There are 2 protein chains.
Amino acid sequence: MSKHNIRLKDIAEELGISIPSVSRALNNKADIGEETKRRVFELAEKLHYQRNQFAINFKNQQSFIIGVIIPQIVHHFFSNVISGIIDEAENLGYGVMLYQSNESYESELKGVETFQKSMIDGLIISLSDNTFKVDHLKNLQEHNVPVVLVDKVNPDMDSAKIICDDYKGAYYATEHLISIGKKKIAHITGSLEPHTTRERCKGFESALRHYNLPLVPNLIKKCNLVSREEGYLTTLALLAEPEIPDAIFCATDPTAIGAIKAIKEKGLRIPDDIAVIGFSDWKMSSIVDPPLSSVSQPDFEMGRKAVELVVKEIQLTRENKPVKHETHVMETSLVLRESTLGKSKKVPLN
Amino acid sequence: MSKHNIRLKDIAEELGISIPSVSRALNNKADIGEETKRRVFELAEKLHYQRNQFAINFKNQQSFIIGVIIPQIVHHFFSNVISGIIDEAENLGYGVMLYQSNESYESELKGVETFQKSMIDGLIISLSDNTFKVDHLKNLQEHNVPVVLVDKVNPDMDSAKIICDDYKGAYYATEHLISIGKKKIAHITGSLEPHTTRERCKGFESALRHYNLPLVPNLIKKCNLVSREEGYLTTLALLAEPEIPDAIFCATDPTAIGAIKAIKEKGLRIPDDIAVIGFSDWKMSSIVDPPLSSVSQPDFEMGRKAVELVVKEIQLTRENKPVKHETHVMETSLVLRESTLGKSKKVPLN
DNA sequence: ATGAAAGCGCTAACAG
DNA sequence: CTGTTAGCGCTTTCAT
């Protein structure tokens, strides 16, 4: 049990050679005799030698760990971002530490602290909705830990960023509603604090303007949590307006699902009376009745790209080369289902 | 930029004292002068000293990192297990590294390898459905890295385990169907390889037996992936039987959702003609139409408990004390919704 | 091709 | 109370 782990020293002694020689052999260095190398490998194998990464990390001051902070894992979008991150990190030889902020700034601070204790080489973070200061992240940068912001970004941060084109996604979603003949389109937006929801709102307005549709203030409703409950209540409010909309673009899928519930309860048909489209293409969106059209974000790909950027910066930083922070804007795509298309089109189960 | 990080040495030199004194001060050791301590803290503060955890980890041969391998993050159940893990790990001063196996044995091996490189102190793992050998885990144990199995366990592993009472959950689910007057109850089971599905099947049969209902072989259908698609197809097969069931207990929620789709397509009413109950209480289960009754597992709590066990074993191992591997069986609970209760009972939105 | 020596940053053991 | 010494396991000079 407590038999100490095998060290280079053990192998060296057993073979009657020096420790550096063993090291050189195991690391396939050039200047080492073939015969020696063979004997070292053989014995290492036999003793089940495992390099002590603590020593190596210590020597190189490098952990090969990337820290990841996201608001909530349970969200389908973030699960997929994380999958992309883990995948690409594996490819590049990095491990991934995870922390969730639960949309709390204080939690986010704690996460950064935990990560500093674990000596992460780089950080990928999607900011909590309640994070307005970024000193904790700048602090990391000052300690030569590159930071990459994903999706939920902050203009005060001078760092690499991965965002998706929320503006265009919203524009296309709205354009789609117009294309199926809708004229009185409502928008349920979230808190306008996060960059993402603000862009979605802008894209919506821009599409209306472009197609010469009136921008009716009463048809733009704000809710803070963009939850199902809120979507439900907000839609009920919309339906109580003197002139009700014939389509609703919701800033998130849960809101849209709430909206669907409200519309169905009122005995209205989807999409004939009111079409509904959401944003983010949650897993559950294909399961609700009717299946929800939505704007799909390249979540997995965003994760991959984030790792690519952060590792690039890690390497440049280690080589003391100047780093230029890239911002990657990724394209969204429309996933059209019955909530806007109706039964006409056969929609696959998945 | 490349100004090297502050070390104890820098502080010691600036203050004209020895390095150990600085160490003692910073660590609030007993035998250090108040005045010295004050000066050290002051300067450390001023220089933004941050302890170099690489050195400490190296010295203690300890990372304060727990590795976690699960099949798929996107699954609601696992997301919540992970949340529980991160939460409790934070409490106990540990960070969490994450890896997903995607139900692949090879992937799982890679995960263990990655983790070994990162020198995890302990591992929490939910085995992939294709993992039948556990040498990789035993290897970890031999290197004094405690392993805790969660939910997907393996009898060959001599380790701590967290499981939930699938048998009882299935029993209660079936009993509930009986209690609402159902007599011809079908069961859609998964591959009988994993311990979990096997127990669910046993619980189902046991309840039928206990209530003197016949065990009709044709009403027990197996599908391998327990996916929505499979649930749909399997249910269609069930409905093609000469005598169709009046209730279906599905081994997972996705299967149940597929079942609902099939039943609705056939023009049958839920639950009047056929009641449906699932297992795991996925987020989406409350959203489908009708909302799905299900057996809820204490996912978050399972995660917490896993951390508790693994940390306990880590500590015992470090102190060279004997460790007794505990197995924790956690209770499930029924979440009843319209798919078995009907509209009668007002079901809350959440 | 190999060995000897030094050092990464920190802490524990031992003196005084 | 404080300083000196040593060592965690490995790699990287610098000799030979």
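Since we're looking at a predicted model, the values are computed, not measured. Order of the sequence lines sets the chain letters (A, B, ...), proteins ahead of strands, with each chain counted from 1.
In this entry the distance linking CZ of A/Phe58 with P of D/dT11 reads 13 Å, nearest Å. Rounded to whole Å, the distance from CD on B/Glu34 to P on D/dC1 is 8 Å. Put simply, CZ on A/Arg7 is 16 Å from C1' on D/dT11, counting in whole angstrom units. Rounding to whole angstrom units, CG of residue A/Asn5 and C1' of D/dC8 are separated by 13 Å. Whole-Å rounding puts the B/Phe54 CZ to D/dT11 C1' distance at 16 Å.
When heavy atoms are screened at a 4.0 angstrom cut-off, A/Lys37 is found touching no nucleic acid atom at all. Among the heavy atoms of the strands lying under 4.0 Å from A/Asn27 are primed sugar atoms or P, OP1, OP2 only; no base atom is included.
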Under 3.5 Å, which donor-acceptor pairs do the side chains of residues 145-157 of chain B form with other protein atoms, sequence neighbours left out?
residue: B/Lys152; atom: NZ; partner: B/Asp129; partner atom: OD1; Å: 2.9
residue: B/Asn154; atom: OD1; partner: B/Asp156; partner atom: N; Å: 2.6

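A donor-acceptor contact shorter than 3.5 Å is absent between the side chain of B/Asp10 and the backbone of B/Ile6.
If you check the side chains of A/His143 and A/Gln116, you find no donor sitting under 3.5 Å from an acceptor. In the model, B/Arg51 has no side-chain atom that pairs as donor or acceptor with a side-chain atom of B/Asn5 under 3.5 Å. Between the side chains of B/Glu90 and A/Tyr99, at least one donor N or O sits under 3.5 Å from an acceptor N or O.
Proximity of the aromatic rings of B/Phe54 and A/Phe58 is defined here by a centroid distance below 6.0 angstrom, and this criterion is not met. A centroid separation of 6.0 Å or more is found between the aromatic rings of A/Phe115 and A/His136.
Checked against side chain to side chain donor-acceptor pair (under 3.5 Å), B/Asn102 has no partners two or more places apart in sequence or in another chain. Residues passing the side chain to side chain donor-acceptor pair (under 3.5 Å) test with B/Gln61, sequence neighbours excluded: A/Asn52.
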For nucleotides 3-7 of chain D, which of its nitrogen or oxygen atoms have a protein nitrogen or oxygen under 3.5 Å away, and what is each distance?
residue: D/dG3; atom: OP2; partner: B/Ser18; partner atom: N; Å: 3.1
residue: D/dG3; atom: OP2; partner: B/Ser18; partner atom: OG; Å: 3.0
residue: D/dG3; atom: OP2; partner: B/Ser21; partner atom: OG; Å: 2.7
residue: D/dG3; atom: N7; partner: B/Arg24; partner atom: NH2; Å: 2.7
residue: D/dG3; atom: O6; partner: B/Arg24; partner atom: NH1; Å: 3.1
residue: D/dG3; atom: O6; partner: B/Arg24; partner atom: NH2; Å: 3.2

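Atoms CD and CD1, from B/Gln100 and B/Ile73 in turn, are 4.0 Å apart once rounded to the nearest 0.5 Å. Between the CG atom of A/Leu137 and the CG atom of A/Leu127 there is a distance of 6.0 Å, given to the nearest 0.5 Å.
Two residues, B/Asp31 and B/Ala55, neighbour DNA chain C, and the one matched to the more 5' nucleotide by heavy-atom proximity is B/Ala55.
Nucleotides of DNA chain C with any atom under 4.0 Å from a heavy atom of chain B span, from 5' to 3', C/dG9 to C/dA13.
Taking the screw axis at each terminus of the helix from C/dA1-D/dT16 to C/dG16-D/dC1 from five consecutive base pairs, the angle between the two is 50° to within rounding of 10 degrees.
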